[in-house]
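Sequence lines set the chain letters: A, B, ... in the order given, protein chains first and strands last, and positions in each chain run from 1.
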Number of protein chains: 4
Amino acid sequence: MKKIDVFRIEMSSPDDVRGLRGLIDDGSIDPASIVAVLGKTEGNGCVNDFTRGLSTLAFRRLISDATGWSEDEVSKKVAFVMSGGTEGVMSPHATVFCSKEAPGEATAEKTLAVSSGFTREFLPEEQGTMAVVDECRRVTLELMEKAGIEDPADVHFVQIKCPLLTSERIADAKERGFEVVTHDTYESMGYNRGASALGVALALGELEDGSVTDESICADWSLYSKVASTSAGVELLNCEIILMGNSADFDSDFTIGHSVMMDGIDLAAVIESLVNAGMDVVGVPTADQQKKIVNVFAKAEASSTGYVRGRRNTMHTDSDINHTRHARASVGGVISAVVGDPMIYVSGGAEHQGPDGGGPVASIIER
Amino acid sequence: MKKIDVFRIEMSSPDDVRGLRGLIDDGSIDPASIVAVLGKTEGNGCVNDFTRGLSTLAFRRLISDATGWSEDEVSKKVAFVMSGGTEGVMSPHATVFCSKEAPGEATAEKTLAVSSGFTREFLPEEQGTMAVVDECRRVTLELMEKAGIEDPADVHFVQIKCPLLTSERIADAKERGFEVVTHDTYESMGYNRGASALGVALALGELEDGSVTDESICADWSLYSKVASTSAGVELLNCEIILMGNSADFDSDFTIGHSVMMDGIDLAAVIESLVNAGMDVVGVPTADQQKKIVNVFAKAEASSTGYVRGRRNTMHTDSDINHTRHARASVGGVISAVVGDPMIYVSGGAEHQGPDGGGPVASIIER
Amino acid sequence: MKKIDVFRIEMSSPDDVRGLRGLIDDGSIDPASIVAVLGKTEGNGCVNDFTRGLSTLAFRRLISDATGWSEDEVSKKVAFVMSGGTEGVMSPHATVFCSKEAPGEATAEKTLAVSSGFTREFLPEEQGTMAVVDECRRVTLELMEKAGIEDPADVHFVQIKCPLLTSERIADAKERGFEVVTHDTYESMGYNRGASALGVALALGELEDGSVTDESICADWSLYSKVASTSAGVELLNCEIILMGNSADFDSDFTIGHSVMMDGIDLAAVIESLVNAGMDVVGVPTADQQKKIVNVFAKAEASSTGYVRGRRNTMHTDSDINHTRHARASVGGVISAVVGDPMIYVSGGAEHQGPDGGGPVASIIER
Amino acid sequence: MKKIDVFRIEMSSPDDVRGLRGLIDDGSIDPASIVAVLGKTEGNGCVNDFTRGLSTLAFRRLISDATGWSEDEVSKKVAFVMSGGTEGVMSPHATVFCSKEAPGEATAEKTLAVSSGFTREFLPEEQGTMAVVDECRRVTLELMEKAGIEDPADVHFVQIKCPLLTSERIADAKERGFEVVTHDTYESMGYNRGASALGVALALGELEDGSVTDESICADWSLYSKVASTSAGVELLNCEIILMGNSADFDSDFTIGHSVMMDGIDLAAVIESLVNAGMDVVGVPTADQQKKIVNVFAKAEASSTGYVRGRRNTMHTDSDINHTRHARASVGGVISAVVGDPMIYVSGGAEHQGPDGGGPVASIIER
């Protein structure tokens, strides 16, 4: 049997790793058991957000120091997925997942299983194309096996960090005679997020084989995954993937459940994700129930129509604040209010992750 | 007997008054009965937000055209309170209040009463001082009488539009040898919002006579009103006040109730405001109940500590987005999610309006 | 003979028309002689900039009051081109052009001639297409004739205000079964600016007949005008055009000249525009020469490559500030420094107006 | 004799140190000779700008790797001053200063001398007070001696990196019963920049002993240094100081000169700094002269009045973009245009550095 431990750690800045260091120092965490660090950092979450890279650097160095592994080795063993943007009440933090052997015997009960892995690096011209889709699909299937999950229905959240195009990378492709999917660096984030999510959807059978082509990416919004959550960053060239689900191979103290927010104010879906994780919620969670919620992970985006429930909003027409920032702030408020805690994870830009304007939401709770 | 009608009208831009024109044209609204227009416009809600002025101009002109009154006359009869900022899912709109004679007899039941009025204009050096406090207090008391409300407990929302300092106004005071409360134009918004709110608190007996001085304004946060909602704008020099409550002199189809959000994720307070208005909510409102909600009015602000429920947020340290914009986006999400409708009213900057980081919330529902 | 008078008027807010009112009141300006108002207003210059509309509204009403014409009549006689964005040192202001009969006889000397006119309104699906190109071409030719200019080389600046797409307009086209050039409202500004400029280029013979197609717009950057300056705004559906040049039919106290900035720091081009207008500049203008400069009009944009003189900049990768705002701030600094006065006109987004990253610059000076 | 080498290195991101690594690898730079790295990084230059810290981290690690010194040792030997904000055309880069023994004999000619050093760390309650003033004064005097400069007139630029207050640091002071100069984290940057600059002014005799008190800081703008350039960052608690001047003890290939921009469009001062460095400029620098300019360092700020040369600007009333960002973009344009190169250094927030709205400007040129 294996067992997943989950720690939610507050950060006073993107490079603040004192929380994790404390847990290692007091023996709560064996640094060699860490499989993934999922962070919410306080940048703008857009192209020029360097808080993600800074945070990755700080956590990687800490784990390197604590384990004696080189930083390169750490990079190959631990997935660092840093998502920028803590607009509104959201609180910068990291969720650290540790995987270790547990003494117990296998039982019928499925509990939290987490696995992490990596695709190969992508060339600029491959970004946002089927190359990304195919690699993410391949690795997602590997990670299911690694987590002892056979039924795709037991996969509840697949978090991917994917790359983005920069002016330099675009120029590099051009020099070598290749064309990139878009010359707009900000837009390239969406293409990569979308392609990664479609890879998950194919892996889990949410979409049929052959249903996705280069042309579908960021074009056919009817294609989407209900559990993929993808986030782009300037600090990497491959995809880092964290898969979360429930598995009978694991005897963890936690379970996970998910639902899909149909739009940014879908309060019922947030509650449903808790119910699906096994919490018996009537109305909204009680204070006691709130204490058992470890974290909620969700994707947020402005609907492409500019409307929510038939009401116009200004997320797409506000030229001062990016629509991803509007969306995170608003959905972050909704989830924090349900959970009674603003230290939750909402990531922006939900291309092919849930329906247009909505997105997956997953909750980890104590059993 | 009198009667208040309330119309919530969507706006496709700050100067879009087609909705109100349609209601006048089809006879739903007698333009001469309009007492107040409370708008949520799509500017940044800060110093250089000219959408408020543009919207006021458009509505005033429409009512002038429809009534035959000069625009000056309209200004003296109708309170135009435009609050900038529709971050996140919030939808730009105006709530129009009409007051007319109703045939019925007085009953014991108290229903929605709305009155509006104006303070005198303030000199730059008076802005944000006791001059504003005293005038707002005086007019609030007048408006209670006008609305037939004797018990301050029947006042549920007092919306005030107050002025702000500009570089030009500061220079004007200086030339005449006077000092202003602050040289920071953005900060002046807070001083005026705070002073206006304290005037309401004194009028309603929430604070004792003599408890407020120039020194308390934007300094002693223990002093606050639970029903004042104040908003600053560059487009006026006096305060425009809309008072809402329940009165036995009115036979309206609506009632109003309020509560106080203790912080930006106080879901319970939003629901309590509905319950206090007379709605029997268990858990969250049902779809049928949501249809009976006419509008919800709330104030939002970043707590001065930088923390909500012990969790750090970045509203005050984000130098790209003003904290008022963060706060509106987040609280707008929370209320929209409860109400199932993003066309609600959240105004930013809650100085002396509710506790630090929180703010009043009032709901108008159909009886 | 005719004569053009030019007045540069400071504005303390987008709706501040006191300067023009004063000039009318003291007899300096005959309101019936005004042919164009070219404003620089203090919005963000992007999609949700309502300062342009507010300013237009205020000037139109003033001229209506002063002439006794209805506002509709004013709209047909006076071109109001408001360009948003006064980043950096730039100072909000309006340049008012008046055209009147002058007693003198025609001489060989060509002096400032200004004419203004309007295209028809465009449907959403026509925006950013050849429909705009063709109309702008037609009206530019009309305006040359109106200004008594035969040689296209005597045209030095053609300022156009064009429309943009909004979510509502896009939805309207869709409902009627038509497709628009882009679903991104911000991008639609560029398409319309580009199409308008190409219309000017065709009219002036800068480009050959037939060289422009729908496919060239915002795609083939080798096509451009050296005198077109176009600006998009949400407040209109047609194009308003102001043409400036030198003509022997006019006996004005001013002349105009232009040059093309090859990039945003092309100091030499700014000086060349003064020289071309007739000023004898050695090095930089002297203080006396600076006093004779009435205004400088220029276009600014971030080069699509992300580089200026081989040096990377962050205008396109900054997700907090739009690249048009960066470009205006920087070019505004350059021109203000040459002129010794920050009350100059720099408009952003120079698609098909000068080379990539550059733009036309025109100077009006006293003879 | 000693000798200063100066290298200006482009950066493709805040952690891009490939340029410096290349110069070390090809023998151009002896890593042990580096005394200071002065960077211009692409963050917002305000409170939540983590690009400064990221860049410092990357350069420190590289030098540690290259020298074999621990990172702590590097920190004690090399001053890393990273200034955030490359608005407009400005190009992210680092200027690396190396100091080494030179074979020559002392001559009368003074050439570029650079020395660097550090103050002690400051407690939150000391930030922005005389504690900072006194320490900066002390270290500046030390650095003059270290650079072999006796005459303060030979000091042309003193660049200081100072700390700022964060919510956490403010809370820490409060817990220990101390009060900080301001609770506004953004404002704290100004207090520290101002205090540091006043320390320089005292050291150089620009201000008389005893003329500065806690009350003068960010209050009495008549007190200022003409050569101090200070920049605040979240990544340090002490001040790092780089002093530049001309000294007969150095036989460098470069000289430095300075002037003071009286406002943001003071083109003449930029040219004067070149002339003072020894360049014979007539009008504007020629292309050949431009090639001999190594870098220009300047401070920029919005004047507190909101006016430049009597013209209103909107830097202080724009609630979407911080005034420091406006100022950098505009002044960056001016200097780049003179120099013909956008890879120059303009830092924002010039409290007590030059007159209100202006700031020092220094140029290093090849002899």
Side-chain angles (χ1 to χ4, degrees), chain A residues 10-13 41-44 85-93 261 263-268 270-271 281-284 300 302-303 307-315 317-318 320-323 325-344 346 357, chain B residues 10-13 41-44 85-93 261 263-268 270-271 281-284 300 302-303 307-315 317-318 320-323 325-344 346 357:
Chain A
E10 66 184 18
M11 295 166 68
S12 71
S13 67
T41 63
E42 58 198 279
N44 63 22
T86 58
E87 291 81 4
V89 291
M90 253 195 292
S91 192
H93 72 283
M261 294 178 76
D263 58 29
I265 59 172
D266 190 353
L267 192 76
V270 181
I271 294 168
V281 183
V282 179
V284 289
S303 64
Y307 288 79
V308 170
R309 310 240 176 136
R311 305 300 197 183
R312 180 176 75 97
N313 61 58
T314 57
M315 295 195 258
T317 53
D318 186 344
D320 296 309
I321 301 180
N322 246 294
H323 55 88
R325 305 199 73 179
H326 278 287
R328 274 191 300 267
S330 184
V331 173
V334 174
I335 296 178
S336 298
V338 170
V339 172
D341 186 344
M343 197 179 275
I344 47 96
V346 178
Chain B
E10 66 184 17
M11 294 166 68
S12 70
S13 67
T41 63
E42 59 199 276
N44 62 22
T86 58
E87 292 81 4
V89 291
M90 255 196 290
S91 192
H93 73 282
M261 293 178 78
D263 59 28
I265 58 171
D266 190 353
L267 193 77
V270 182
I271 292 168
V281 183
V282 179
V284 290
S303 65
Y307 288 79
V308 169
R309 309 234 178 143
R311 304 299 198 185
R312 181 177 75 98
N313 61 59
T314 57
M315 296 195 258
T317 53
D318 185 344
D320 296 310
I321 301 181
N322 245 294
H323 56 87
R325 306 199 74 181
H326 277 286
R328 274 192 299 267
S330 184
V331 173
V334 175
I335 296 180
S336 298
V338 171
V339 172
D341 186 345
M343 197 179 275
I344 47 95
V346 178

Looking at A/Met11, A/Arg309, A/Arg311, A/Met343, which makes the most heavy-atom pairs under 4.5 Å with chain B? A/Arg311
For the CD1 atom of A/Ile335 and the OG atom of B/Ser330, what is their distance to the nearest 0.5 Å? 11.0 Å
What residue, out of B/Ala329, B/Ala327, B/Gly283, B/Ala268, has the most heavy-atom pairs lying under 4.5 Å from chain A? B/Ala329
Nearest 0.5 Å, what's the OG1-CZ distance between A/Thr86 and B/Arg312? 7.0 Å
Between B/Glu10, B/His93, B/His323, B/Glu42, which residue shows the highest count of heavy-atom pairs closer than 4.5 Å to chain A? B/Glu42
Taking the side chain as every heavy atom from C-beta outward, state whether B/Val89 and A/Met315 have any pair of such atoms under 4.5 Å apart. yes
In terms of heavy-atom proximity below 4.5 Å to chain A, should B/Asp341 be classed as side chain, backbone, both, or neither? both
What part of A/Met90 is in contact with chain B, defined as an atom under 4.5 angstrom from a non-hydrogen atom: side chain, backbone, both or neither? backbone
Name the region of A/Glu87, side chain, backbone, both or neither, that has any atom closer than 4.5 Å to a heavy atom of chain B. both
pair B/Pro342-A/Asn313: side-chain heavy atoms closer than 4.5 Å: no
Identify which of B/Val270, B/Thr314, B/Leu267, B/Val308 forms the greatest number of heavy-atom pairs closer than 4.5 Å to chain A. B/Thr314
Considering only heavy atoms, which portion of A/Arg328 lies under 4.5 Å from any heavy atom of chain B: side chain, backbone, both, or neither? neither
